[in-house]
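Here the structure is a predicted model, which means the values were calculated and not measured.
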Amino acid sequence: MTRMTREFGTAIQRPVPAVSADVIFASTRFPKYKIGANNRIIDARDDAKILSLKEVVARETAQLLEQQKRLSVRDLASKFERGLAAAAKLSDEARLREAASLEKHVLLKKLRDALESLRGRVTGRSKDDVEEAITMVESLAAQLTQREGELIQEKAEVKKLANFLKQASEDAKKLVDEERAFARAEIESAKAAVRRVEEALQEHERTSRASGKQDLEGLMKEVQEARRIIMLHQRSKVMDMEYELHALRSQLAEKSKRSLELQKELAMMRKGEMSLLLYELEGAEALGSYLQIVPCSDSAPVLSKCTIQWHRMSCEDGSKELISGATKPIYAPEPFDVGRLLQVDIVCDDQRIALTTTGPIDPAAGLGSYVEALVRKHDTQFKVVVAQTNGVEHPLESIHVLHIGRMRMKLSKEKTTVAKEYYSSSMQLCGVRGGGNAAAQALFWQAKQGVSFVLAFESERERNAAVMLARRFAYDCNIMLAGPDDRAPIGTR
């Protein structure tokens, strides 16, 4: 047998059968392989960094299971859809690899046939090389078959995972649809509840308006009734208890008057002057009332033909102080008279008669506390009627307002100021000295030289409180506010 050398110089030239033209190669060059452990052929193109299909699917599944608890239903459905798409993509890749593996099988079969044909034509060392190449091709075919088996197994797992993902996607869609339907039902229920609430609110608003109108009408009636009651009690401006006190004071005054009459009769009987008594003083000897000279005998001269003069008399030393302008049969005590005796001198036909109160003038009950309450105010208003202006009768009895403040006094009518003066030595204020039964409710005010008024108050209490309050504020300004010629006492006549 002839030995074949590498130069093939002496080799017998035989024609080599051509490779079939219908073979399709995956690339234009021969694939590069590496021999690993146990003579396993490893494709050089395989990168250790590229994960296998099974590892990729396992990693994706682990990530899905890990994120399942923190994903919402919508996100979970989206994730399943993406996993399904990835599984489809992996299935396509597996199909391409299967096609490439089929091409490799065809190529290896063609290559093995060519090597078998070549082995029968060569000898020697070349034949050994050909046999070694055939062995490598057979080993490569075995490895390829093993790889195909693994690919088939992976393909089955991928299909199984794809079916699982598809079923999970369908379940997720069903769950999403159920949740969507439930959410829509809840939204419709919420809308219905909102409509019911709106209707209830509208009904409540209508009812409230109707009841509010009724309540408003009721309140208006109550306010009108309260105003009517206030107007009925406006003139007195006292509390209910004070009405009772007023009735008690009236009873006490009557009893006191009767007691004084009895005391006078007793005193005159003791002196034996009962037959000579011509006049007497009638009225309660207290602030807020008035004293009147009344004849007690038919032989008494007419008072209009007599000269009358009232005096204040000290209880301690008996000194008298003339009350300027008090020349009428009626005199209403004022706050200056409290604690003093009042004496009236009647001169008629050269006959002088002196009448004296049985005791000092008593203060009005509750007046002091009422004035103390008014002192706390910066300005106090009293409703008055102007009876005289500068000694002339006022034609219209219109209501004015007297303001008594800490620094000044002001008389106004609505928004018009009639008089306004600060406390000064030229200002005078006292009770009206005379004037009939209304003297206890009137006072005389001289704002300045040439400007004077006689003001009538709603009650004796208001008149005396106004006098005391004005004198209190004037005293704080170092001004002694009194009536005409009331600055200093005079000696006894």
Side-chain angles (χ1 to χ4, degrees), residues 60-86 164-244 369-370 372-383 398-405 410 412-417 458-459 462:
E60 291 291 333
T61 304
Q63 291 179 356
L64 286 175
L65 293 176
E66 181 181 0
Q67 296 178 1
Q68 183 178 5
K69 293 183 180 180
R70 57 186 178 89
L71 290 176
S72 64
V73 176
R74 191 184 300 273
D75 296 336
L76 186 61
S78 177
K79 191 68 177 178
F80 275 124
E81 290 177 357
R82 289 197 299 269
L84 186 60
F164 172 75
L165 292 176
K166 184 176 180 181
Q167 184 64 32
S169 178
E170 293 177 356
D171 295 340
K173 287 181 179 180
K174 290 181 180 179
L175 183 59
V176 169
D177 294 337
E178 291 176 358
E179 292 294 332
R180 186 181 291 112
F182 180 74
R184 288 177 180 174
E186 289 293 331
I187 292 172
E188 293 297 330
S189 177
K191 288 182 179 179
V194 169
R195 286 195 295 268
R196 289 195 299 271
V197 171
E198 290 178 352
E199 292 175 357
L201 288 176
Q202 292 175 359
E203 182 67 23
H204 179 69
E205 186 176 359
R206 289 193 295 267
T207 306
S208 298
R209 288 178 180 176
S211 61
K213 290 181 180 179
Q214 296 177 357
D215 294 342
L216 182 60
E217 293 176 357
L219 288 176
M220 291 179 65
K221 292 181 181 178
E222 292 180 3
V223 169
Q224 291 175 358
E225 182 67 18
R227 288 178 177 175
R228 187 183 67 82
I229 295 174
I230 290 175
M231 291 301 295
L232 291 175
H233 297 80
Q234 187 68 24
R235 293 183 59 84
S236 61
K237 292 185 178 178
V238 293
M239 301 173 63
D240 295 340
M241 187 179 293
E242 293 181 350
Y243 283 110
E244 298 178 1
S369 59
Y370 179 54
E372 289 297 327
L374 297 179
V375 168
R376 300 187 185 96
K377 299 181 180 180
H378 181 74
D379 180 85
T380 305
Q381 301 178 5
F382 298 94
K383 291 183 179 181
S398 58
I399 298 178
H400 292 62
V401 178
L402 179 64
H403 300 261
I404 300 179
K410 181 177 73 171
S412 63
K413 180 182 179 182
E414 295 179 353
K415 295 183 179 180
T416 303
T417 300
E458 296 178 343
S459 64
E462 296 294 315

Closest non-hydrogen contact found for Lys413 with Ser398 is NZ-OG, 3.5 Å

*asked:* If you count heavy atoms of other groups shown closer than 6.0 angstrom to CD of Glu186, is the number above 12?
replied: yes

Could you tell me whether Arg206 atom CZ has more than 12 heavy atoms of other residues or ligands within 6.0 Å of it? yes

Do side-chain atoms of Thr207 reach the backbone of Glu203 as a donor and acceptor pair under 3.5 angstrom? yes

For Asp177 and Arg180: C-alpha separation, side-chain torsions, deciding distance, then whether side-chain contact (heavy atoms from CB on, under 4.5 Å) applies. CA-CA 5 Å; Asp177 294 337; Arg180 186 181 291 112; 3.0 Å; yes

Notebook entry, point to check: Does atom CG of Leu201 have more than 12 heavy-atom neighbours from other groups under 6.0 Å away?
Noted result: yes

NE2 of His400 to CD of Gln381, rounded to nearest 0.5 Å, is 14.0 Å

dist Leu402:CG -> Lys383:NZ (nearest 0.5 Å) comes out at 13.5 Å

On a heavy-atom basis, the closest approach of Leu374 and Thr380 is O-OG1, 3.7 Å

Residues Asp379 and His403: closest non-hydrogen pair is OD2-ND1, 3.3 Å

**Item:** NZ/NE/NH1/NH2 to OD/OE distance under 4.0 Å, Arg209 and Glu205
**Value:** yes

